[in-house]
Protein chains: 2
Amino acid sequence: MRSENETFIEAARRAQLAECAVDVIAEAGIGKASMARIAERAGVSVGVISYHFGNKAGLISAVVEQVAKTAVALMEPQIVAQPTAAQGLRTLITSNLDFMKQHPNALRALLEIIRADDGVYAAQGAQAISDVEKVLHWGQHTGEFGAFDTRVMATTIRAAIDAVPLLLSRDEDLDLTAYGEELAGLFDRATRKESH
Amino acid sequence: MRSENETFIEAARRAQLAECAVDVIAEAGIGKASMARIAERAGVSVGVISYHFGNKAGLISAVVEQVAKTAVALMEPQIVAQPTAAQGLRTLITSNLDFMKQHPNALRALLEIIRADDGVYAAQGAQAISDVEKVLHWGQHTGEFGAFDTRVMATTIRAAIDAVPLLLSRDEDLDLTAYGEELAGLFDRATRKESH
DNA sequence: TCGTTTTCTGAACGCACGTTCAAAATTTAA
DNA sequence: TTAAATTTTGAACGTGCGTTCAGAAAACGA
């Protein structure tokens, strides 16, 4: 934390501690995720967290940044590569669930943090809804989608996706691929222009 | 708490404290809702809560019971009175938002509690999903609805409704009636048997 | 090798929490 | 009016929390 340029140890410890924080938050909940528990998981003294991140808020902030960056990097390219908005929306949903399959604890921890007491990371949630809304505007412009309220639809889509990590923590055998297909079909019907 | 039959003071205090707990939980979040804050809101000493409810868990339990009972009493009769499953589902959604309009803090507090650290009240959430699922089975039996997975659909509908209290706390001018209509339309399209 | 810098330890501190309980205040009943 | 029962007070206690920091250990550079 002292050096201007990050050393190897610095980078490795930060990554390790962030990962341990994700696991503890996902498994015990944000309320039980104390610095002592996280340090214990990492096999390290409590002071190390303060040393590398300043304080607990710094650690949480690093977790949010890391998870959000990883998730966007995985999903965004897939979505924008789709030829139609309908396929874009489908990909948005399925790639979200794919991310959960690859990183079972990451999204759960992120949602715990966003929901936590103060609204410090409310902006992250708002950004996620805006990202969904972009795809919906795309489909309304091309005429693929009907004239629904994009705010309500985007909020609902995010709520549907964000409900999954909790289900997954209760039943880790949940078939995420099947769940993703079901959700994609559901919102495909909900967004399509009504045919008479 | 001593008397076998509830005193007038006993009942009044219990109701007052439960209401204060709802307000504090809804406004400050479950994490910040300490007994000291709740007692302060009621203009009373901390010991009073322990005296009337045994401990904090007893108070929370009373809040859950009271809110759940009030909500079900308001909504269930309306839903089962509908002639079709599609109208039943619509009523399920709109009566939920009506309840939020009448009791802005109640559902928010209930959701905070259900989401809280331990899964003590996870059964309440599971029950709420089951209630939605019953309406979906109804519609699939009558042939009004398509062949979607009722578990996923019910989870999504509840997630969509449960997302609203948070929106409402961020923008208390939110038009709940319009939001309800939009949601009802969304899930009407999502549940309808596809026409070719 | 040896001095410097980086990293880590673990005890100490103040704070907020839920619970308890003796004593005081209030209400109830005769 | 008076004695018993109910209700309230508020301080005390133990626990777990995040933060701090002097000193020890390890890594680094010459």
Side-chain angles (χ1 to χ4, degrees), chain A residues 1-22 24-25 27-64 109 112-113 116-118 120-121, chain B residues 1-22 24-25 27-64 109 112-113 116-118 120-121:
Chain A
M1 206 53 180
R2 286 285 173 76
S3 61
E4 202 166 300
N5 293 336
E6 227 178 34
T7 66
F8 279 113
I9 284 186
E10 170 84 9
R13 267 274 181 267
R14 285 179 63 97
Q16 178 204 17
L17 289 171
E19 196 182 318
C20 288
V22 163
V24 171
I25 292 170
E27 289 168 17
I30 186 75
K32 296 280 179 66
S34 66
M35 292 179 71
R37 278 179 212 264
I38 296 167
E40 187 189 17
R41 166 77 60 117
V44 127
S45 276
V46 281
V48 177
I49 296 177
S50 298
Y51 177 75
H52 286 288
F53 294 97
N55 54 26
K56 191 183 185 183
L59 170 61
I60 300 298
S61 170
V63 167
V64 170
E112 285 278 333
I113 293 169
D117 309 26
D118 306 330
V120 190
Y121 293 102
Chain B
M1 204 58 180
R2 287 285 171 78
S3 60
E4 201 164 304
N5 293 337
E6 224 177 38
T7 294
F8 184 76
I9 278 186
E10 170 84 9
R13 268 273 182 267
R14 284 179 64 94
Q16 177 205 17
L17 289 171
E19 195 182 319
C20 288
V22 163
V24 172
I25 292 170
E27 290 168 15
I30 186 75
K32 297 280 180 66
S34 66
M35 294 179 70
R37 278 178 212 265
I38 294 168
E40 187 190 17
R41 167 77 60 121
V44 127
S45 276
V46 282
V48 178
I49 295 177
S50 299
Y51 177 76
H52 286 287
F53 293 97
N55 52 27
K56 192 184 184 182
L59 170 61
I60 300 298
S61 169
V63 167
V64 170
E112 286 277 334
I113 292 169
D117 309 26
D118 307 331
V120 191
Y121 293 102

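Residue numbers start from 1 in every chain, and the chains themselves are labelled A, B, ... in the order their sequence lines are given, proteins ahead of strands.
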**Request:** Output the single nucleotide from C:dG10, D:dT8, C:dC8 whose closest atom is nearest the side chain of B:Val48.
**Result:** D:dT8
**Request:** Taking only the side-chain heavy atoms of A:Arg37 (C-beta and beyond), determine which of D:dC17, D:dG18, D:dT7 contains the nearest atom.
**Result:** D:dC17
**Asked** Counting only heavy atoms not in A:Glu19, do more than 12 sit closer than 6.0 Å to its CD atom?
**Response** no
**Prompt:** Quick one: do B:Glu27 and B:Arg37 make a salt bridge, cutoff under 4.0 Å?
**Reply:**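 The answer is no: the pair does not qualify as a salt bridge.
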Under 4.0 Å between a side-chain N or O of [X] and OP1 or OP2 of [N]?
X: B:Ser34; N: C:dC17; answer: yes
X: B:His52; N: D:dT6; answer: no
X: A:Tyr51; N: C:dC8; answer: no
X: B:Arg13; N: D:dT6; answer: no

I need the [atom1]-[atom2] distance between [X] and [N], as an integer number of Å.
X: A:Ile49; N: C:dT9; atom1: CD1; atom2: C1'; answer: 13 Å
X: A:Phe53; N: C:dC8; atom1: CZ; atom2: P; answer: 11 Å
X: B:Ile30; N: C:dC17; atom1: CD1; atom2: P; answer: 13 Å
X: A:Glu40; N: C:dG10; atom1: CD; atom2: P; answer: 13 Å
X: B:Met35; N: C:dT20; atom1: CE; atom2: C1'; answer: 11 Å
X: B:Gln16; N: D:dT7; atom1: CD; atom2: C1'; answer: 13 Å
X: A:Lys32; N: C:dC17; atom1: NZ; atom2: P; answer: 17 Å
X: A:Lys56; N: D:dG16; atom1: NZ; atom2: P; answer: 15 Å

Say you draw a straight line from [atom1] of [X] to [atom2] of [Y]; how long is it, rounded to the nearest 0.5 Å?
X: B:Leu17; Y: B:Ile38; atom1: CG; atom2: CD1; value: 8.5 Å
X: B:Phe53; Y: B:Arg13; atom1: CZ; atom2: CZ; value: 10.5 Å
X: B:Asn55; Y: B:Met35; atom1: CG; atom2: CE; value: 7.5 Å

